[in-house]
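Scroll down for the structure; my scribbles are underneath it.
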Number of protein chains: 2
Amino acid sequence: MEPVSTEHVTAFRRFNRYLTRRIGVLDDHYLGQDRPLGQARLLYEIGDGASLRELRVRLGLDAGYLSRMTRALEAQGLVRTSVHHEDSRLRLAELTPAGRDEVGEQNRRADALAERLLRDLSEDQRGELTAALGTARRLLRLAGIVIERVHGASADARACLDAYAADIDARFPEGFDPTALVRPEEVSGDAGAFLVAYEENRPVGCGALRTLEPGVGEIRHVWVHPEARRLGLARRLLDGLERQAVEHGLGLVRLDTHAVLTEAQAMYRACGYTQIPRYDDNVYAAHWFEKRLTDGAVR
Amino acid sequence: MEPVSTEHVTAFRRFNRYLTRRIGVLDDHYLGQDRPLGQARLLYEIGDGASLRELRVRLGLDAGYLSRMTRALEAQGLVRTSVHHEDSRLRLAELTPAGRDEVGEQNRRADALAERLLRDLSEDQRGELTAALGTARRLLRLAGIVIERVHGASADARACLDAYAADIDARFPEGFDPTALVRPEEVSGDAGAFLVAYEENRPVGCGALRTLEPGVGEIRHVWVHPEARRLGLARRLLDGLERQAVEHGLGLVRLDTHAVLTEAQAMYRACGYTQIPRYDDNVYAAHWFEKRLTDGAVR
DNA sequence: ATGTTCCTTTGACCTTAGTCAAAGGAACTG
DNA sequence: CAGTTCCTTTGACTAAGGTCAAAGGAACAT
């Protein structure tokens, strides 16, 4: 891993310092009106309803503390609680109309604050700012995603593959038959690898590597959750799979793609893959690629 | 003023929310170690020494609260206080070596946090992020600067003109004689205008408008503090001065520039000024420009 | 010199934020 | 169905953050 140069660290910290000075302080106190911060945040987080358990985890609060705050909001008529239908240990919280008003007011104030901040810029400059913040957010999100190797039969792996299958079933004109997916044992242990990308502990992408023949691997099922697209995550997954291939002694990797996945093809080309003739009988494939990973290896 | 489209407001708020979620929470608790936040912030703010009064204003704290916190830090051996030489009502606080260590540790932790955040990006992506954050900060700073009309003899006006004079004295090969500056009454009331740009209540730029002859104004002394350059502030000042000109019934404005101020010349051209022959006997001027502000006026 | 303003300290208080442990009811496990 | 785990509530505390008013000393204005 290349070291992070101080230039970038400094730039990042400078920006944070500036932004917190400029808005962070105002933000909380101003937006929460005269309501305590904790309550304001809780109100906001309840949103369209959530169980206390969920809220506890999301906000990282002590159970007792949360219980009391919820009761306080209830006493103010902003929140209504009820018992979960199926699991009566769980308590659900939802906003009353008054609570919704309150959150709406919070949002209006935040908007007004942002608007006041942007007002003195020209429309061009606002566009430039929006673009810059978009880029920054995209990169920070990408930086926050961790990729881990999991067993092909793990719950997260299955969840990703299910989402992947549903996704391409909708995109391939001929649909997609889930039995064409890799079997868990093909992508686990010495046979291959399965990578899952996590954003804030939620799986948002995956990729599989299996062995085609000695020294030759195949990359399959590179998928990114719709909400995590356009971040550059697919490249990172591909990168991770290639590293896995090398570790598995697979100096050459191949992959195929469906005709409709044109962005994927462009990505593979950009990552050093070259088109080759059909190497399998995958009915969904229209293009085949390969990439040599280890130098000097003679086949 | 053009309205701010919701797109930009939303983008800005989304970014803020994201960043606070991602780092804001960690930041404070993590960086302050086991020291209370208030104390950690105070320590950081004391930096190379400051009076309690200054700190009170900067941090927006209650006098009693601040007094107690300072004493607490003093008791921990992190801060030393003394009485101001000239005004013995004021109390000065400065860091002891131990306090400096503590702040150093805070900084190291903040750096480490930033570094961990950036580590998983490629060097290219880090560069892109740094650039985006730089752009965002530049624009936010610019948006936070307010331009006000002040009297030409006011303290802020004089301070800006002094800085301007010193600045160009250093840049003009032949130096600059401050008696060539506009007189206060030329740029005040009906005769003209003096604008000062404030960033967080500190003057960071200025510009003057005076009447050359009926219907013709002259823009002079457009200056931006070195730390506020490259934000686009000069343009905003110029803009403000042109508006003042129109309000003063000056449909045509002229200005001159010194040969060495090439960026300024480029800016004037970009803002619609056209070069004209010498119209004054300013010994420092090498180029003369003018711009018509009101349509249809016949001269 | 005298009244006013400014800065800091101190005492008295209050709210918010957060922790810990005990306990009770519901669901899950074998 | 017995034991365990999970979720919530309650009581008992503590620390931190923050406010208000009174008071004393220093500087400033006239």
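A quick note: this is a predicted structure, and the numbers were derived from the prediction, not measured. Throughout, protein chains are lettered first and strands after them, A, B, ... in sequence-line order, and every chain is numbered starting at 1.
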Enumerate, atom names and distances included, each donor-acceptor pair closer than 3.5 Å involving a side-chain atom of residues 152-163 of chain B, sequence neighbours excluded.
{"unit_1": "B:Ser154", "atom_1": "OG", "unit_2": "B:His151", "atom_2": "O", "d": "2.9"}
{"unit_1": "B:Ser154", "atom_1": "OG", "unit_2": "B:Ala157", "atom_2": "N", "d": "3.3"}
{"unit_1": "B:Asp156", "atom_1": "OD2", "unit_2": "B:Tyr198", "atom_2": "OH", "d": "2.6"}
{"unit_1": "B:Arg158", "atom_1": "NH1", "unit_2": "B:Gly152", "atom_2": "O", "d": "3.3"}

Exercise. Return the orientation label for the A:Phe15 and B:Phe15 ring planes: parallel under 30°, perpendicular over 60°, tilted otherwise.
Key: perpendicular
Quiz prompt | Nearest-angstrom distance from the residue atom CG of A:Leu73 to C1' of D:dT9 | solution = 16 Å
Practice problem: Measure the distance from CG on A:Leu90 to C1' on C:dA27 and round it to the nearest whole Å. | Solution: 10 Å
Self-check item: Between P of D:dA16 and CG of A:Leu37, the distance in whole Å
Solution: 18 Å
Exercise. Quick one, give me the B/S/- string for nucleotides 24-29 of chain D, reading 5' to 3', where B means a protein heavy atom under 4.0 Å from the base and S means that only happens at the primed atoms, P, OP1 or OP2.
Key: -BBS--
Quiz item: Could you state the CG-P distance from B:Leu42 to C:dT8, rounded to the nearest angstrom?
Solution: 12 Å
Self-check item: Contact residues, residues 58-71 of chain A to DNA chain D [heavy atom, < 4.0 Å]
Solution: A:Ala63, A:Gly64, A:Ser67, A:Arg68, A:Arg71
Quiz item: Does a side chain donor of either A:Gln76 or A:Glu102 reach within less than 3.5 Å of an acceptor in the other side chain?
Solution: no
Quiz item: Of A:Gln39 and B:Leu92, whose closest DNA chain C nucleotide lies nearer the 5' terminus?
Solution: B:Leu92
Self-check item: Spacing of CG belonging to B:Asn107 relative to CD belonging to B:Glu105, to within rounding of 0.5 Å
Solution: 9.5 Å
Exercise. Kindly state which residues belonging to residues 47-54 of chain A come within less than 4.0 angstrom of DNA chain D, counting heavy atoms of the residue only, listed by number.
Key: A:Leu52, A:Arg53
Practice problem: Would you check if there is a donor-acceptor pair between the side chains of B:Arg80 and B:Thr96 at a distance under 3.5 Å? | Solution: no
Exercise. Flag the pair B:Asp167 and B:Arg229 as a salt bridge only when some basic side-chain nitrogen lies within less than 4.0 angstrom of an acidic carboxylate oxygen.
Key: yes
Quiz item: Counting side-chain heavy atoms from CB outward, which of D:dT8, C:dA17, C:dT9 is closest to B:Arg91?
Solution: C:dT9
Quiz item: Tell me, do A:Asp120 and B:Arg236 make a side-chain contact under 4.5 Å, heavy atoms counted?
Solution: yes
Quiz prompt | Interatomic distance where CZ belongs to A:Arg56 and C1' belongs to C:dG18 [whole Å] | solution = 15 Å
Exercise. Please check if the side chain of B:Glu186 supplies one atom and the backbone of B:Arg183 the other of a donor-acceptor pair under 3.5 Å.
Key: yes
Quiz prompt | Any donor-acceptor pair under 3.5 Å from B:Thr130 side chain to B:Arg126 backbone | solution = yes
Practice problem: Take A:Glu199 and A:Arg141, measure what salt bridge (charged side-chain N to carboxylate O under 4.0 Å, His left out) needs, and give me the verdict at the end. | Solution: CA-CA 8 Å; A:Glu199 181 175 30; A:Arg141 276 186 68 189; 2.9 Å; yes
Quiz item: Rounded to the nearest 0.5 Å, how far apart are CZ of A:Phe12 and CG of A:Leu139?
Solution: 11.0 Å
Quiz prompt | For B:His8, all residues meeting ring-ring contact (aromatic ring centres under 6.0 Å, His included), sequence neighbours excluded | solution = none
Self-check item: Terminal axes of the helix from C:dA1-D:dT30 to C:dG30-D:dC1 (five pairs each): angle between them, nearest 10 degrees
Solution: 30°
Practice problem: Mind checking the CG-CZ spacing from A:Leu61 to A:Arg41? Nearest 0.5 Å is all I need. | Solution: 8.5 Å
